[in-house]
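Only one structure is covered here, and it is reproduced in the block below.
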Amino acid sequence: MIERIVLVKLEADAATDSHRQDLAAHSRQSLGALPGLRSLSLGLPSDAHALRSWDLSVVMCFDDQPSVDQAVEDPAYQSWLTGPWAERV
């Protein structure tokens, strides 16, 4: 199994609880049906140290590297990377 981990850090003015929750919901919707995705876990910071480092964690599990390669080339993944929130990173 391969875990692809993405930590998203928003710009200071966008790093609010509301924006984090919106981004998590958008991420679940955008990434949840990627081909080859075995599981998707999204996390929000739970303490001050984490808040300084990241605003959303995304953990995607795949069976093998070809599945990862297929998923990251998928239009849904590419759209997530370049979506409206991306300019706030």
Side-chain angles (χ1 to χ4, degrees):
M1 182 171 61
I2 296 174
E3 290 183 329
R4 183 172 186 90
I5 301 169
V6 179
L7 296 175
V8 177
K9 181 65 179 163
L10 297 170
E11 292 178 346
D13 64 325
T16 65
D17 288 339
S18 176
H19 280 119
R20 287 183 197 99
Q21 291 172 356
D22 288 348
L23 177 55
H26 170 72
S27 298
R28 183 168 305 286
Q29 181 180 7
S30 298
L31 302 174
L34 288 175
L37 183 68
R38 187 175 201 179
S39 67
L40 173 66
S41 176
L42 303 169
L44 300 174
S46 63
D47 59 49
H49 179 73
L51 277 171
R52 287 190 299 273
S53 301
W54 54 274
D55 292 294
L56 177 71
S57 66
V58 180
V59 180
M60 296 170 278
C61 295
F62 299 91
D63 286 328
D64 51 33
Q65 189 61 46
S67 295
V68 174
D69 295 341
Q70 181 183 12
V72 299
E73 294 300 323
D74 190 84
Y77 184 82
Q78 292 299 312
S79 178
W80 177 76
L81 283 178
T82 60
W85 66 270
E87 64 190 39
R88 304 307 309 258
V89 173

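Predicted, not measured: the structure shown is a model, and the values here were computed from it.
Few gaps surround CD on Glu11; more than 12 heavy atoms of other groups in view lie less than 6.0 Å from it.
When hydrophobic clusters are built by joining Ile, Leu, Val, Met, Phe, Trp and Tyr residues whose side-chain heavy atoms come closer than 4.5 Å, directly or via intermediates, Val59 is not grouped with Tyr77. Cluster membership for Val68 and Leu81, using ILVMFWY side-chain heavy atoms within less than 4.5 angstrom, is shared. Linking Ile, Leu, Val, Met, Phe, Trp and Tyr residues whenever their side-chain heavy atoms come within less than 4.5 Å places Val72 and Leu42 in a single cluster.
Contact of the Met60 side chain with the Glu3 side chain is not registered, since no non-hydrogen atoms from C-beta on lie closer than 4.5 Å. The shortest distance between side-chain heavy atoms of Leu37 and Phe62 falls below 4.5 Å. Between Arg20 and Pro45, some side-chain heavy-atom pair lies under the 4.5 Å cut-off. Put simply, the side chain of Leu31 reaches to within 4.5 Å of the side chain of Val58, judged on heavy atoms. When side chains are defined from C-beta on, Trp54 does not count as touching Val6, because their heavy atoms never get closer than 4.5 Å.
The nearest pair of heavy atoms linking Gln21 to Leu44 is CG-CD1, 4.1 Å. Of all heavy-atom pairs between Ser27 and Leu40, the closest is O-CD2, 4.3 Å.
Judged purely by atom type and a 3.5 angstrom limit, Asp55 uses its side chain to pair as donor or acceptor with the backbone of Leu10. Between the side chain of Lys9 and the backbone N or O of Ala15 there is no donor-acceptor pair closer than 3.5 Å. Judged by distance alone, with hydrogens and angles left aside, the side-chain atoms of Thr82 form a donor-acceptor pair with the main-chain N or O of Gln78 at under 3.5 Å. Ser57 places a side-chain N or O within 3.5 Å of a backbone atom of Gly43 that can act as its donor or acceptor partner. Formation of a donor-acceptor pair under 3.5 Å by the Ser67 side chain with backbone atoms of Asp63 is not found in this model.
With values rounded to the nearest 0.5 angstrom, Leu23 atom CG is found 11.0 Å from Ser18 atom OG. Rounding to the nearest 0.5 Å gives a distance of 8.0 Å between CG of Asp47 and CZ of Arg52. Rounded to the nearest 0.5 Å, atoms CG (Leu56) and CG (Leu7) are 8.5 Å apart.
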